[in-house]
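Small disclaimer: the values here were computed from a predicted structure and weren't measured.
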Amino acid sequence: MNLNSLKYFVDVVKLGSFTAAGKKNLVAQTSISQQIQQLENYFDCLLIDRSQNPVKPTKEGQVLFTESEKLLNQFQILEKNVRKSTARKIRIQYSSIMDIQLLDKLLDKVTKKQDFNFEIEKVSLSNISKYLNQNKYDFAITFDSEFYQESDIETLTLDQGKYLAGVGSHHPFYNFSSLTMQQVYSSSLIMLSPQKIGKSYQLMLNRSLDEKYHPQISYLADDVESELLLIQQKKLLGFFPEHYPLNLNNNLIKLIPIVDNPHRYKIVLAYKQENLSQVGKLFLKAAKEIVP
C-alpha cells in the first residue's frame with residue numbers, strides 16, 4: 001500500500017468512476033483498477049461496489065475514504081512544511097540599529113506579497129562589502145558608503161538624509177538650534193573607529209578636507225554606546241544620521257542641524273545580481289515594487 005493507491009481510491013469515490021480517476025491522474029484506467037484491487041487485497045475486504053453506476057464505496061470503503069482524506073491532507077501539510085524548511089534561505093546582513101529597523105519595515109511589506117525564508121545576521125560594517133563579494137550573504141542593508149568604488153554591487157535606496165551634530169547637555173552648543181561647519185570643526189570630535197564603520201570614516205574625512213576643514217578627532221569609539229557616553233562625559237561632538245532611532249541617553253544628548261553640511265547618508269539594500277538565486281531574485285523584485 002502507498003499514498004498513490006489511497007489518492008486513486010479517494011478520487012474514484014469522489015468521481016464515481018475508475019475511468020475519470022485515471023484521467024485526473026493521467027494514468028490508464030487499468031492502473032487505477034489494479035491499485036484499488038491491491039488495497040482490497042491488503043484490507044481483505046471489498047472497498048468499491050462496482051455493480052452501481054456511478055460506483056460507490058462499501059461500508060468498509062467509506063471508512064477508508066474518510067481516513068484517507070485526513071491522511072492525504074496531513075501529508076500535504078507535512079510536504080509543504082518540509083519544502084519550506086529545506087528551501088534556500090535569503091541571507092541578509094546588517095550593521096546598525098537603523099539598518100535593522102528599516103529591514104523590519106521592508107520584510108513586513110515584502111512578506112505580505114510572498115512568503116520567504118530569511119537568515120539575518122549583524123556584522124561589522126567594515127566586512128559587509130567583502131562578505132557580499134564572497135557570496136556569504138545575498139543582500140546587505142547598510143550605509144551606501146561601504147560600496148564606494150564597488151561597481152558590480154547594485155543598491156536600492158531605503159532611506160537618506162543629512163548627518164547632524166550630537167552634543168551632550170554639558171556642551172556649550174547644547175542649546176543652539178543650528179551649527180555651522182566652522183563651529184563643528186572648532187570642537188573636539190568623536191567618531192566610530194574605521195574598523196567599525198569601514199569606508200564611511202575615510203569618506204567623511206575626505207569631504208571635510210574638500211571643504212577646507214580639518215577635523216579635530218580626539219576619540220575613536222568601538223560602538224555607539226561608548227560614543228554616547230564619551231560625548232556626554234568629555235564634552236565632545238559626534239555625528240549621527242538625522243533619522244537615528246535611539247533615545248539619546250534620555251535626552252542628555254541632543255542632535256543639532258548643521259546649516260552648511262556636506263555630509264549626507266543613504267541606507268541601501270545592496271546585492272550582486274550575478275550571485276542571486278531564483279528566490280533572491282523574487283525577493284528583490286518584491287522589494288523594488290514597494291520601495292518608492
With side chain to side chain contact (heavy atoms under 4.5 Å, CB included) as the criterion, how do Ile231 and Tyr219 come out once you've worked through the C-alpha distance, each side chain's angles and the decisive distance to 0.1 Å?
CA-CA 10 Å; Ile231 284 174; Tyr219 289 87; over 6 Å; no
Please determine whether side chain to side chain contact (heavy atoms under 4.5 Å, CB included) holds for the pair Lys23 and Thr19, giving the CA-CA distance in whole Å, both sets of side-chain angles, and the decisive distance to 0.1 Å.
CA-CA 6 Å; Lys23 288 181 179 179; Thr19 301; 4.1 Å; yes
Checking Leu39 against Leu6 for the side chain to side chain contact (heavy atoms under 4.5 Å, CB included) test, could you report, in this order, the C-alpha distance in whole Å, the side-chain angles of both residues, the deciding distance, and whether it holds?
CA-CA 8 Å; Leu39 284 175; Leu6 294 178; 4.1 Å; yes
Test log, rule side-chain hydrogen bond (donor to acceptor under 3.5 Å, both in side chains), inputs Gln202 and Asn206:
CA-CA 6 Å; Gln202 190 60 49; Asn206 291 345; 3.0 Å; yes
Between Val167 and Phe176, is a side chain to side chain contact (heavy atoms under 4.5 Å, CB included) present by the stated rule, with each step listed?
CA-CA 10 Å; Val167 298; Phe176 283 41; over 6 Å; no
Passes salt bridge (Lys or Arg N to Asp or Glu O under 4.0 Å), Glu40 versus Arg50? Steps please.
CA-CA 13 Å; Glu40 291 177 328; Arg50 296 164 177 79; 3.0 Å; yes
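Taking CG from Leu228 and CG from Leu252, the interatomic distance works out to 10.0 Å, rounded to the nearest 0.5 Å. To the nearest 0.5 Å, atoms CE (Met204) and CG (Leu192) are separated by 10.0 Å. The line from CD1 of Ile267 to CD1 of Ile141 is 9.0 Å long, rounded to the nearest 0.5 Å. Summarising the geometry, atom CG belonging to Leu156 is positioned 9.0 Å from atom CD1 belonging to Ile290; distances are rounded to the nearest 0.5 Å. Note: Thr142 OG1 to Leu103 CG = 11.5 Å, rounded to the nearest 0.5 Å. To the nearest 0.5 Å, the span separating CD1 on Ile253 from NE2 on His170 amounts to 10.0 Å.
Counting only N and O atoms by type, the side chains of Asn41 and Gln37 include a donor and acceptor under 3.5 Å apart. If you check the side chains of Ser200 and Glu146, you find no donor sitting under 3.5 Å from an acceptor. Neither side chain, Thr30 nor Gln34, offers a donor N or O lying under 3.5 Å from an acceptor on the other.
Residue Ile190 comes nearest to Ala221 through the heavy atom pair CD1-CB, 4.2 Å, listed as atom of the first residue, atom of the second, then distance. Taking each heavy atom of Leu236 and Ser218 in turn, the nearest pair found is CD2-CB, 4.4 Å. Nearest heavy atoms, Val268 versus Phe147: CG2-CE1, 3.9 Å. Leu220 approaches Ile217 most closely through the heavy-atom pair CD2-CG2, 4.0 Å. Taking each heavy atom of Asp138 and Leu276 in turn, the nearest pair found is O-CD2, 3.7 Å. Nearest heavy-atom pair, Leu132 versus Tyr137, reported as atom, atom and distance to 0.1 Å: CD1-O, 3.6 Å.
Formation of a donor-acceptor pair under 3.5 Å by the Glu242 side chain with backbone atoms of Leu164 is not found in this model. Listed for the Arg91 side chain is no donor-acceptor partner under 3.5 Å among the backbone atoms of Lys89. In this structure, the side chain of Asp104 does not engage the main chain of Ile100 through any donor-acceptor pair within 3.5 Å. The main-chain N or O of Gln195 is found under 3.5 Å from a side-chain atom of Ser126 such that the two form a donor-acceptor pair. In terms of modelled atom types and a separation under 3.5 Å, the side chain of Gln93 and the main chain of Ile128 share a donor-acceptor contact. No donor-acceptor distance shorter than 3.5 angstrom exists from the side chain of Asn73 to the backbone of Lys70, with no hydrogens or angles considered.
In this structure, the side chains of Phe139 and Leu284 come closer than 4.5 Å at one or more pairs of heavy atoms. Side-chain atoms of Lys234 and Ser188, non-hydrogen and from C-beta on, never get closer than 4.5 Å to each other. Under the 4.5 Å side-chain criterion, counting only non-hydrogen atoms from C-beta, Pro215 is in contact with Leu205. Two residues are said to be in side-chain contact when any heavy atoms from C-beta on lie closer than 4.5 Å; Leu71 and Leu3 meet this criterion. Within the 4.5 Å cutoff, no side-chain heavy atoms of Val291 are placed close to those of Thr157. A heavy-atom distance below 4.5 Å is found between the side chains of Phe118 and Thr111. In this structure, the side chains of Ile90 and Glu119 stay at 4.5 Å or more apart for every pair of heavy atoms.
No chain of hydrophobic side-chain contacts below 4.5 Å, direct or via other Ile, Leu, Val, Met, Phe, Trp or Tyr residues, connects Leu15 to Val13. Taking hydrophobic clusters as Ile, Leu, Val, Met, Phe, Trp and Tyr residues chained together by side-chain heavy-atom distances below 4.5 Å, Phe143 does not share a cluster with Leu203. At a threshold of 4.5 Å between side-chain heavy atoms, the hydrophobic network of Ile, Leu, Val, Met, Phe, Trp and Tyr places Phe65 and Ile32 in one connected group. One hydrophobic cluster, built from ILVMFWY side chains closer than 4.5 Å, cannot hold both Val63 and Leu47; they sit in different ones. No continuous path of ILVMFWY side-chain contacts below 4.5 Å connects Tyr148 to Ile153, so the two sit in separate hydrophobic clusters.
When the shell of 6.0 Å around CG of Asp108 is examined, it contains more than 12 heavy atoms from other residues, nucleotides or ligands. Enclosure of atom OH in Tyr174 by more than 12 non-hydrogen atoms of other residues, nucleotides or ligands within 6.0 angstrom is indicated. For Lys235, the NZ atom counts as loosely surrounded, since its 6.0 Å shell holds 12 or fewer non-hydrogen atoms of other residues, nucleotides or ligands.
Only one option out of Lys272, Lys199, Lys130 pairs with Glu150 in a salt bridge (Lys or Arg N to Asp or Glu O under 4.0 Å); it is Lys199.
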What pairs of donor and acceptor atoms, side-chain ones from residues 258-265 against any protein atom, are under 3.5 angstrom apart with sequence neighbours left out?
from   : atom 1 : to     : atom 2 : distance (Å)
Asp260 : OD1    : Met181 : N      : 2.9
Asn261 : OD1    : His263 : N      : 2.7
Asn261 : ND2    : Tyr163 : O      : 2.6
His263 : ND1    : Arg207 : NE     : 3.1
His263 : NE2    : Tyr185 : OH     : 2.8
His263 : NE2    : Ser208 : OG     : 3.4
Arg264 : NH1    : Asn261 : O      : 2.5
Tyr265 : OH     : Asp159 : OD2    : 3.3
Tyr265 : OH     : His243 : ND1    : 3.2

